Trainee: 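Okay, here's the structure, questions in a sec.
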Amino acid sequence: MLDINIVRNDIEKVKQAVFNKNEKANLDSLLEIDSKRKALLIECDDLRNKRNVTSKKISKLKSKKQDASSEIQEMKGVSDNIKQLEVNIKALTDELESILLNIPNIPASDVPVGKDPTSNVMVKTWGKRKEFSFTPLPHWEIGKELDILDFERAAKISGAGFTLYKGAGARLERALYNFMLDLHSQEHGYTELFPPYLVNRSSMTGTGQLPKLEEDMYRIPEDDLFLIPTAEVPVTNIHSNEVLSAKELPLHYAACTACFRREAGSHGKDTRGMLRVHQFNKVELVKLVRPETSYDELESLLSVSEKVLQLLGLEYQVLKLCTGDLSFAAAKCYDIEVWSSGVNKFLEVSSCSNFEDFQARRSNIRFRDDDGKIKHVHTLNGSGVALPRTMIAIIENYQREDGTVEIPEVLRPYMNGLEVINKRKKSSQRIISFFS
RNA sequence: GGAGGGAUGGCUGAGCGGUUGAAAGCGCUGGUUUCGAAAACCAGUUGAGGAGAAAUCUUCACGCGAGUUCGAAUCUCGCUCCCUCCGCCA
């Protein structure tokens, strides 16, 4: 949510931002409602003041056992007036808030202006393209052959767009998120969390998924709860309606959760394999920081996410998103895309965003600064990283001509020493037991 | 799911429907004192709006939302959350 004062004082800037983000907002009527509301508020305040003053007078008269009936008569009228005004003000306030909740965040000044992803700017690339002496296969073929991914049966039990990991595939998934969580919590100093997967409407509104994206969310209508589309939602909202002390900042959190997305707007896109699924695991990093540090924090957030891919030996590129590709709540965002040899393209595995105070204002997350003033924190988050596409890249980039898949070295300790996923053998890939 | 109890400022905790935005204590901040510190004493210490150049004035908020009343932290109703007991259960 924007500070309404920015809209009042610099509406052109807001209009430009809305336009650049390919969004729509009812800005002119916002100002109109705002001034109408303010006028009523002043009128109402005057009447309330009158009521307060007279009530005290009535109290005094009564305590002296004097007659106050004329004052009481007068106040009856005043109270009725106030009530009517309050009803009108409430209606305007609701309208104002609903418009305000639908205005997107303003892009940072160094974000390139552009309509669509073609205007995104390449910031860096890392790693060398894997070369193959054969034509690399896509992960759904490798996965089927090795019996580690089963899309048909996933569709049978749930529907299209779900994944069933089996044997070494399931183990690889577990190895991946354990590796990522250990890296972030032990090497990068993030506090590991395990939050609820169901959150209420207010949390979803706080981080900006609602009201705009309700149709993309899975919802439990009986309880008005939502399945989280990302750990960003529960984790950012941990501190909603709190005033943090300056010395607890910055807060750095890491959480691995399942993420649930209806993908309502993307039917028929990336339907093969697990390029785009309704449920997937993701390690998410969330930061609550002092405003003046948030852009430095964004850079370090990006670098710890990159670290994951570097250690896995996966080629990637980093893009700075243009205004038109920026999400509703973000002020600035980097996407990390990992190269995958089978599908032969770059896959987005992370978005690292600074929301400035946009989410903090919606969720009411504040801190007391050293000067004693209470201010909104800045919030950031980034994937560190999303699992399925990382899994795709590993399977496809580490495939070998004989159909086996090599395990990246950093994952081997998490795979109980397994170096290669072979076909045929029982999916448990029996290795030395550490239970004996 | 059933039966009770509760929700007040950073914390503990008072609060007959009428100078209670809120006692008291703790904590915190500043000052006096001290070589310094502690103690003691004095003072300050909620947030969000509005008007104003400013001093300042003013409104709202005692879990949330309605209601009764000239007037609600205080009375009524609904909701949420917490605690205790019973039942059920991973």
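We name chains A, B, ... by the order of the sequence lines, and we start the count at 1 in each one. Keep in mind that what you see is a predicted model, and the values were worked out from it rather than measured.
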Trainee: Out of A51(B), A48(B), C70(B), which nucleotide sits closest to the side chain of Ser55(A)?
Mentor: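 My answer, after comparing the listed nucleotides, is C70(B).
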
Trainee: Now, which nucleotide makes the Watson-Crick or G-U wobble pair with A14(B), with each of the two distances under 3.5 Å?
Mentor: none

Trainee: Given 3.5 Å as the limit, does a donor-acceptor pair link the side chain of Ser305(A) with the main chain of Ser383(A), or not?
Mentor: yes

Trainee: Could you let me know what U19(B) is paired to, Watson-Crick or G-U wobble, both distances under 3.5 Å, or none if it's on its own?
Mentor: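 Pairing partner: none.
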
Trainee: What is the separation between atom CD on Glu43(A) and atom P on A51(B), rounded to the nearest whole Å?
Mentor: 15 Å

Trainee: Which class fits the ring pair Phe162(A) and His278(A): parallel under 30°, tilted 30 to 60°, perpendicular over 60°?
Mentor: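 Taking His278(A) first and then Phe162(A), their aromatic rings sit tilted (interplane angle of 30° to 60°).
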
Trainee: Any idea how His184(A) and His188(A) line up, ring-wise: parallel (<30°), tilted (30 to 60°), or perpendicular (>60°)?
Mentor: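 Rings of His184(A) and His188(A): tilted, 30 to 60°.
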
Trainee: Regarding Tyr334(A) and Glu299(A), do their side chains bring together a donor and an acceptor under 3.5 Å, going by distance alone?
Mentor: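 Their side chains do contain a donor-acceptor pair, which is all the 3.5 Å distance test asks for.
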
Trainee: Please work out if Arg37(A) contacts a base, only the sugar-phosphate, or nothing of the nucleic acid, heavy-atom cut-off 4.0 Å.
Mentor: nothing

Trainee: Which nucleotide, if any, forms a Watson-Crick or G-U wobble pair with C88(B), using both distances under 3.5 Å?
Mentor: none

Trainee: Specify the separation, in whole Å, of atom NZ of Lys56(A) and atom C1' of U20(B).
Mentor: 10 Å

Trainee: Glu396(A) side chain to Val343(A) main-chain N or O, any donor-acceptor pair under 3.5 Å?
Mentor: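 Yes; judged by distance alone, with no hydrogens or angles, the pair exists.
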
Trainee: So does Thr54(A) get a side-chain nitrogen or oxygen closer than 4.0 Å to the phosphate oxygens (OP1/OP2) of G71(B)?
Mentor: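 Answer no for this pair, as no side-chain N or O of Thr54(A) is under 4.0 Å from OP1 or OP2.
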
Trainee: Does G36(B) have a Watson-Crick or wobble partner in any strand here, with both distances under 3.5 angstrom, and which is it?
Mentor: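 For G36(B), the partner nucleotide comes out as none, under the 3.5 Å rule.
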
Trainee: Output the rounded distance in Å from CD1 (Ile374(A)) to C1' (G49(B)).
Mentor: 15 Å

Trainee: Please report the distance, rounded to the nearest Å, between NZ in Lys90(A) and C1' in A66(B).
Mentor: 11 Å

Trainee: Without decimals, in angstroms, what is the distance between Glu74(A) CD and G71(B) C1'?
Mentor: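 Glu74(A) atom CD is separated from G71(B) atom C1' by 14 Å.
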
Trainee: Taking only side-chain nitrogens and oxygens of Lys38(A), does any of them come within less than 4.0 Å of OP1 or OP2 of A51(B)?
Mentor: yes

Trainee: Give each protein N/O atom lying under 3.5 Å from an N/O atom of nucleotides 55-62 of chain B, with the pair distance.
Mentor:
{"unit_1": "U58(B)", "atom_1": "O3'", "unit_2": "Asn49(A)", "atom_2": "ND2", "d": "2.8"}
{"unit_1": "U59(B)", "atom_1": "OP1", "unit_2": "Asn49(A)", "atom_2": "ND2", "d": "2.8"}
{"unit_1": "U59(B)", "atom_1": "OP1", "unit_2": "Asn52(A)", "atom_2": "ND2", "d": "3.1"}
{"unit_1": "U59(B)", "atom_1": "O2'", "unit_2": "Asp45(A)", "atom_2": "OD1", "d": "2.9"}
{"unit_1": "U59(B)", "atom_1": "O2'", "unit_2": "Arg48(A)", "atom_2": "NH1", "d": "3.0"}
{"unit_1": "C60(B)", "atom_1": "OP2", "unit_2": "Asn52(A)", "atom_2": "ND2", "d": "3.4"}

Trainee: Lys83(A) and Asp80(A): salt bridge (Lys or Arg N to Asp or Glu O under 4.0 Å), yes or no, with the steps?
Mentor: CA-CA 5 Å; Lys83(A) 263 174 202 158; Asp80(A) 287 345; 5.2 Å; no

Trainee: For Lys60(A) and Leu41(A), find the nucleotide of RNA chain B closest to each by heavy atoms; which residue's nucleotide sits nearer the 5' end?
Mentor: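 Its nearest nucleotide lies further toward 5', so the answer is Lys60(A).
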
Trainee: Would you classify Ile42(A) as touching base, sugar-phosphate or nothing, given that sugar-phosphate means primed atoms plus P, OP1 and OP2, and contacts are heavy atoms under 4.0 Å?
Mentor: sugar-phosphate

Trainee: Quick one: Lys247(A) NZ to G10(B) P, roughly how many Å, whole number?
Mentor: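 Answer to the nearest Å: 15 Å.
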
Trainee: Hey, is NZ on Lys90(A) packed in by over 12 heavy atoms from elsewhere, all under 6.0 Å?
Mentor: no

Trainee: Watson-Crick or G-U wobble partner for U80(B), using a 3.5 Å limit on both distances?
Mentor: A7(B)

Trainee: Scan Arg8(A) against the nucleic acid and name what it touches under 4.0 Å (heavy atoms): base, sugar-phosphate only, or nothing.
Mentor: sugar-phosphate

Trainee: What integer distance in Å separates Asn241(A):CG from C64(B):P?
Mentor: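 One finds 11 Å between P of C64(B) and CG of Asn241(A), rounded.
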
Trainee: Counting the benzene-type ring for Trp, do Phe358(A) and Phe328(A) have ring centres under 6.0 Å apart?
Mentor: yes

Trainee: Looking at G10(B), I'd like to know if its phosphate oxygens (OP1 or OP2) sit under 4.0 Å from a side-chain N or O belonging to Arg368(A).
Mentor: no

Trainee: When the P atoms of G13(B) and C70(B) are considered, how many whole Å apart are they?
Mentor: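 Going atom to atom, P in each nucleotide, I get 37 Å.
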
Trainee: Just to be sure I understand the rule, does Lys76(A) reach a base, reach only the sugar-phosphate, or reach nothing, if contact means heavy atoms closer than 4.0 Å?
Mentor: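 Answer is sugar-phosphate: Lys76(A) comes under 4.0 Å of backbone atoms only.
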
Trainee: Could you identify the nucleotide paired to A53(B), looking across every strand shown and requiring Watson-Crick or G-U wobble geometry with both distances under 3.5 Å?
Mentor: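 The base-pairing partner of A53(B), which may sit in any strand shown, does not exist here.
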
Trainee: So what's G67(B) paired with, Watson-Crick or G-U wobble, going by both distances under 3.5 Å?
Mentor: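 Result: C75(B).
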
Trainee: Quote, to the nearest angstrom, the C1' distance that separates C26(B) from G18(B).
Mentor: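 Per the computed distance, 31 Å lies between those C1' atoms.
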
Trainee: Could you state the CE-P distance from Met75(A) to A72(B), rounded to the nearest angstrom?
Mentor: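 About 13 Å, once rounded to whole Å.
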
Trainee: Taking Asn9(A) for the side chain and Asn5(A) for the main chain, is one N or O donor matched with an acceptor at less than 3.5 Å?
Mentor: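 Pair found, side chain donor or acceptor close to backbone of Asn5(A).
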
Trainee: Who is the Watson-Crick or G-U wobble partner of C60(B), with both distances under 3.5 Å?
Mentor: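 Across all strands, the one nucleotide that pairs with C60(B) is G47(B).
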
Trainee: Using a heavy-atom cut-off of under 4.0 Å over every strand shown, decide if Lys62(A) touches base, sugar-phosphate, or nothing.
Mentor: base

